[in-house]
Amino acid sequence: MAQMSAEVYRTTRPGLLGAANVGETVQVAGWIQTRRDHGGIVFVDLRDSTGILQVVLDPEAASAPAAVLSGLRREYVISVTGAVAARGPEQVNPDLATGEIELVATELRVLSPSDPLPFQLDGRVDVDEALRLEYRYLDLRRPAMAANLQARSNAIRAMRRVLDGRGFLEVETPTLVASTPEGARDVLVPSRLRPGRFYALPQSPQLFKQLLMISGVDRYYQIARCYRDEDFRADRQIEFTQLDLEGAFWGQDEVLEVLEEVAVAVTRDLRGLELARPFPRLTWQEAMDRFGTDKPDIRFGMEIQDLSALFAATGFKAFAEVLAGGGTVRGINAGAQGLSRAGLDGLVERALALGAKGLVWMVVEEDGSLRSPVAKFLSDDEQAALGAALRVSPGDLLLVVADRFQVVAKVLGALRLDMGQPEGHDEIAFVMVTDFPMFEVGEDGSLTSMHHPFTSPEDVTEMAESPGTAASLAYDVVLNGAELGSGSVRIHNPEVQAKVFEVLGITEEDASRRFGWFMDALRYGTPPHAGFAYGIDRMVSILQDQPNIREVIPFPKTQTGADPLTGSPSRVEKEQLGELGIEIAPAVLAIWAEEESPT
RNA sequence: GGGGGCGUGGUGAAGUCUGGAGUUCACGCCGGCCUGUCAAGCCGGAGGUCGCGGGUUCAAAUCCCGUCGCUCCCGCCA
């Protein structure tokens, strides 16, 4: 079979052919999308990654025997030689890119047959995702999924184009790193050569890219796989991909400019849309005040209004007590929702679930008066002022929450999304959120980094003296209400870094043990630097109008971290564990035994 | 850790609330007819332990308990 190596399967591709090729003799190969067998003549839609082409198999013209033609089935892989012919005017298919032509076959070879499929690829029904994942290689043949893979590739290509054009150096950093038990749970990998020790898979290349800055790499980027062992969501997988970047002698403005350029290029390539620059910018406080969240969806208004001043002298006890206690009263005008009493009760329940002590709803009547369980507690002046503040029209639904600022923001922010978020994703609304707080204050008063502990404070003195309110040089990029990524100006001064650890309550000893190597590096001439990481899965899924990131990940895992195709995570042989010095806990072995017993 | 949804021939759904023969619809699959269809058409056929286990009942896809899987959300995600 020496001639096999010289065998020609195709001379062109199905989707590349058009009216210009009429009269040419070509050979194409691909999968049979559908077959229409008329007893004599047989039509086959031949599919590959370029598109679909109709092949006409006439038993009198084709050299293949009739038995072969009638034996063709979906997803058979075939190679066809024939003449490109124009279709008659009655036979043009306007729904097909190649609909003006067809291939009249003279020779057909079956390269691979296919078993009947476990599910249909035609996209007319939503197949159970577990089944799709078990047969992902079939799922990915569907044009919609192939388009997602293509879009992802296009996005990464656009990123590289922008950054390569700006002289960035692409550098790979390790994926077997030291565990830093802070932030997300690490994915751990046992070491064979040093039994009892573990690598962690990186949550991000953060410290390595900072080391690269110290190394003299001026501008760095990496398409970096990152790992966080936390619970799954529609937009969260245990492993995900980031565009990680960093620049020396940079401040926030330089980073944001590059981020915009990347976002513009990716949006252009994926959606053919030219975004206006600069992107809208909000400080964290503005975002929280107006939208109740640090990742605002600015495709619609329904902004939160502070009503505290308006109720300063209110006789309504619930509001007065909150205000006396330093809280705030805020509301949104949700517009004409036309909700039933049950619907309104549902909103109250939702507010309670979000942590509110209550939710005041009011519906604006035709005469401008307010229909509400609490209307009788509000003076005429208050009602009038409320109407003015929320710019009401008859039929509008007003939602008011009184509580601590954090609670009000969370509840109204969530209700705003419930009531107003657009269904489609026609609009692409990027927004930069800046001036994040340095720290998050826990219930017990403890401080944790809002971003990460290598983020520079805006003012070191302020940070030391009032860490609870101190601002940082951290920023996010938000797209349609989703956080696409975060970045910051980093600390390049070891004393400042030590101070941040101190404020975080990390002892000098702890800091030295965990990050001593990094603190040392900071002492050898560290340039000021700043950077960012874009979540590529999220960016592509939103730009592709996909409901979750699994649609743009070729081989994702299920919510319990499993891959139905390969069976990971799998048990391993005792011998393997022995080499690693690892034993399975008796409690786990008992569960295994129970699973295996046939009962 | 918690809350919600889903699980019915190969696929997708209806049936479940209000228990009464594995019933129905669409697609796919197999066979037959058919030489211009294009998600071809027409005729015929096969195919299901209603996720799994237990309980209630004369009787369970349907009610109850448990469990597994998938999914959405809260917590978590420096």
Side-chain angles (χ1 to χ4, degrees), chain A residues 33-46 52-61 66 69-70 73-75 85 87-96 98-99 102 104 115-135 138 180-186 203-204 206-207 226-238 240 349-350 353-355 410 414 417-418 436 438-440 442 447-455 472 474 483 486 488 500-501 504 506 514-515 535 547-548 550 557-560 562 564 594-595 598-599:
Chain A
Q33 171 93 359
T34 57
R35 142 197 81 108
R36 294 177 290 279
D37 185 344
H38 288 246
I41 194 167
V42 176
F43 298 94
V44 159
D45 287 345
L46 186 71
I52 289 174
L53 175 68
Q54 173 164 282
V55 176
V56 184
L57 297 158
D58 186 330
E60 285 162 26
L69 297 191
S70 63
R73 292 293 182 270
R74 284 166 198 263
E75 300 304 313
R87 297 197 191 188
E90 301 291 303
Q91 293 155 9
V92 167
N93 181 353
D95 297 330
L96 203 59
T98 60
E102 60 193 3
V104 181
D115 285 351
L117 300 175
F119 60 92
Q120 288 158 249
L121 305 185
D122 54 22
R124 71 174 82 195
V125 287
D126 286 331
V127 179
D128 178 61
E129 198 175 343
L131 191 65
R132 289 174 55 202
L133 291 181
E134 187 181 347
Y135 297 93
L138 299 178
T180 54
E182 199 175 352
R185 222 172 264 119
D186 281 326
Q203 297 185 22
S204 87
Q206 183 60 35
L207 292 180
C226 303
Y227 305 83
R228 290 175 194 174
D229 191 4
E230 296 295 342
D231 285 358
F232 287 58
R233 285 282 195 287
D235 61 355
R236 274 164 34 187
Q237 286 266 311
I238 190 170
F240 57 101
E349 265 176 53
R350 170 105 167 107
L354 288 162
K410 183 181 172 189
L417 286 181
D418 289 350
F436 273 68
M438 192 71 189
F439 305 105
E440 204 164 4
L447 296 175
T448 49
S449 290
M450 193 79 146
H451 185 41
H452 56 55
F454 313 103
T455 299
S472 72
E483 180 196 323
S486 305
S488 63
V500 169
F501 284 143
L504 282 169
I506 301 174
R514 281 150 61 182
F515 303 114
N548 66 65
R550 297 184 300 277
K557 291 179 177 51
T558 66
Q559 201 164 46
T560 51
E594 200 168 311
E595 281 173 8
T599 49

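So that the names make sense, note that chain A is the first sequence line, chain B the second, and so on, each numbered from 1.
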P atom, B:A61 versus B:G55: distance in rounded Å? 15 Å
Find the distance A:R350:CZ to B:G3:P and express it as a whole number of Å. 17 Å
Ignoring backbone atoms, test whether A:Q559 places a side-chain nitrogen or oxygen under 4.0 Å from the OP1 or OP2 oxygen of B:C72. yes
Watson-Crick/G-U partner (both atom distances under 3.5 Å) of B:U62: none
Take atom P in B:A60 and the same atom in B:A13, then report the distance between them in whole Å. 27 Å
If we call it a pair only when both distances are under 3.5 Å in a Watson-Crick or G-U wobble match, what pairs with B:U57? none
For B:C42, which nucleotide in any strand shown is its Watson-Crick or wobble partner with both distances under 3.5 Å? B:G32
Sub-3.5 Å pairs of nitrogen or oxygen atoms, protein against nucleotides 31-33 of chain B:
{"unit_1": "B:G31", "atom_1": "OP2", "unit_2": "A:R73", "atom_2": "NH2", "d": "3.1"}

Length of the CZ-P vector between A:R35 and B:G28, whole Å: 10 Å
Could you measure between the two P atoms, the one in B:A46 and the one in B:U24, and give it in whole Å? 12 Å
Check whether the side chain of A:Q120 and the base of B:G10 form a donor-acceptor pair under 3.5 Å. yes
Atom-pair distance (CD on A:E129; C1' on B:G7), nearest Å: 15 Å
Name all residues meeting the side-chain contact (heavy atoms from CB on, under 4.5 Å) criterion together with A:P564; count only those two or more places apart in sequence or in a different chain, and write none if there are none. A:L133, A:E134, A:T558
Rounded to whole angstrom units, what separation is found between the CZ atom of A:R236 and the P atom of B:C72? 11 Å
Taking atom P in both B:A40 and B:U49, compute the distance separating them and give it to the nearest angstrom. 30 Å
Residue pair A:T98 / A:I52: nearest heavy atoms and the distance that separates them: OG1-O, 2.6 Å
Closest to the A:P116 side chain: B:G12, B:A78, B:C29? B:C29
Protein-nucleic acid N or O pairs under 3.5 Å, nucleotides 35-38 of chain B:
{"unit_1": "B:U35", "atom_1": "O4", "unit_2": "A:E60", "atom_2": "OE2", "d": "2.5"}
{"unit_1": "B:G36", "atom_1": "O2'", "unit_2": "A:Q91", "atom_2": "NE2", "d": "3.4"}
{"unit_1": "B:G36", "atom_1": "N1", "unit_2": "A:E102", "atom_2": "OE2", "d": "2.9"}
{"unit_1": "B:G36", "atom_1": "N2", "unit_2": "A:Q91", "atom_2": "OE1", "d": "3.3"}
{"unit_1": "B:G36", "atom_1": "N2", "unit_2": "A:E102", "atom_2": "OE1", "d": "2.5"}
{"unit_1": "B:G36", "atom_1": "N2", "unit_2": "A:E102", "atom_2": "OE2", "d": "3.0"}
{"unit_1": "B:U37", "atom_1": "O4'", "unit_2": "A:H38", "atom_2": "NE2", "d": "3.3"}
{"unit_1": "B:U37", "atom_1": "O2", "unit_2": "A:R36", "atom_2": "NE", "d": "2.7"}
{"unit_1": "B:U37", "atom_1": "O2", "unit_2": "A:R36", "atom_2": "NH2", "d": "3.3"}
{"unit_1": "B:U37", "atom_1": "O2", "unit_2": "A:Q54", "atom_2": "OE1", "d": "3.3"}
{"unit_1": "B:U37", "atom_1": "N3", "unit_2": "A:Q54", "atom_2": "OE1", "d": "2.9"}
{"unit_1": "B:U37", "atom_1": "N3", "unit_2": "A:Q54", "atom_2": "NE2", "d": "3.0"}
{"unit_1": "B:U37", "atom_1": "O4", "unit_2": "A:Q54", "atom_2": "NE2", "d": "2.8"}
{"unit_1": "B:U37", "atom_1": "O4", "unit_2": "A:R87", "atom_2": "NH1", "d": "3.4"}
{"unit_1": "B:C38", "atom_1": "O4'", "unit_2": "A:R36", "atom_2": "NE", "d": "2.9"}
{"unit_1": "B:C38", "atom_1": "O2'", "unit_2": "A:R36", "atom_2": "NH1", "d": "3.3"}
{"unit_1": "B:C38", "atom_1": "O2", "unit_2": "A:Q54", "atom_2": "OE1", "d": "3.3"}
{"unit_1": "B:C38", "atom_1": "O2", "unit_2": "A:N93", "atom_2": "ND2", "d": "3.1"}
{"unit_1": "B:C38", "atom_1": "N3", "unit_2": "A:R87", "atom_2": "NH1", "d": "2.6"}
{"unit_1": "B:C38", "atom_1": "N4", "unit_2": "A:R87", "atom_2": "NH1", "d": "3.4"}
{"unit_1": "B:C38", "atom_1": "N4", "unit_2": "A:Q91", "atom_2": "O", "d": "2.4"}

Evaluate the ring planes of A:F515 and A:F501, with Trp represented by its six-membered ring, and classify them as parallel (under 30°), tilted (30 to 60°) or perpendicular (over 60°). parallel
I need the CG-C1' distance between A:L131 and B:C6, as an integer number of Å. 15 Å
List the atom of A:C226, the atom of A:Q203, and the distance in Å for their closest heavy-atom pair. CB-O, 3.3 Å
Got a donor-acceptor pair under 3.5 Å from the side chain of A:R228 to the base of B:C77? no
As a test of reading the structure: which of B:G12, B:G75, B:C72 is closest to the side chain of A:D128, going by heavy atoms? B:G12
When the C1' atoms of B:G9 and B:G51 are compared, how many Å lie between them, rounded to an integer? 15 Å
Would you mind classifying the nucleic acid contact of A:L504 as base, sugar-phosphate or nothing, using non-hydrogen atoms under 4.0 angstrom? nothing
Atom CD of A:E349 and atom C1' of B:G3: how far apart are they, to the nearest Å? 12 Å
Rounding to a whole Å, what distance do you find between A:D126:CG and B:G28:P? 17 Å
Nearest-Å distance for atom pair CG/P, residues A:D115 and B:U11: 15 Å
With a 3.5 Å limit on both atom pairs, tell me what B:C6 is paired to, counting Watson-Crick and G-U wobble, or say none. B:G69
Would you kindly compare A:L354 and A:F119 by the position of their nearest RNA chain B nucleotide and give the one closer to the 5′ end? A:F119
Pick the closest RNA chain B nucleotide for A:L133 and for A:D95 by heavy atoms, then say which residue is nearer the 5' end. A:D95
Counting the atoms with a prime plus P, OP1 and OP2 as sugar-phosphate, which does A:R74 contact under 4.0 Å by heavy atoms, base, sugar-phosphate, or nothing? sugar-phosphate
Looking only at atom P, what distance separates B:G19 and B:G31, rounded to whole Å? 45 Å
For A:H451 and A:F436: C-alpha separation, side-chain torsions, deciding distance, then whether side chain to side chain contact (heavy atoms under 4.5 Å, CB included) applies. CA-CA 8 Å; A:H451 185 41; A:F436 273 68; over 6 Å; no
Decide yes or no for A:P116 and A:R73: does some side-chain heavy atom of the first lie under 4.5 Å from some side-chain heavy atom of the second? no
Identify whether any heavy atom of A:R132 sits under 4.0 Å from a base atom; if not, whether one sits that close to sugar-phosphate; answer base, sugar-phosphate or nothing. nothing
Would you compute the distance between atom CD of A:Q54 and atom CZ of A:R87 and round it to the nearest 0.5 angstrom? 4.0 Å
Checking N1-N3 plus N6-O4 or O6-N4 for Watson-Crick, or N1-O2 and O6-N3 for wobble, each under 3.5 Å, the partner of B:U11 is B:A26
Euclidean distance for P, B:U18 against B:U11 (whole angstrom): 30 Å
CG-CG distance between A:L354 and A:D418, expressed to the nearest 0.5 angstrom: 7.5 Å
How far, in whole Å, is B:G15 from B:C77 if one measures between their P atoms? 42 Å
Would you say the side chain of A:D128 lies within less than 4.5 Å of the side chain of A:F119, judging by non-hydrogen atoms? no
Quiz item: A:D122 side-chain donor-acceptor pair to B:G28 base, under 3.5 Å: no
pair A:E75-A:L138: side-chain heavy atoms closer than 4.5 Å: no
Assess whether a salt bridge exists between A:R236 and A:E230, defined as any Lys/Arg side-chain N lying under 4.0 Å from an Asp/Glu carboxylate O. no
Complementary nucleotide for B:G48 - Watson-Crick or wobble, under 3.5 Å: none
Side-chain contact test, heavy atoms from C-beta onward, threshold under 4.5 Å: evaluate it for A:V42 versus A:R35 and give yes or no. yes
At less than 4.0 Å, is any side-chain N or O atom of A:T560 found next to OP1 or OP2 of B:G69? Yes or no. no
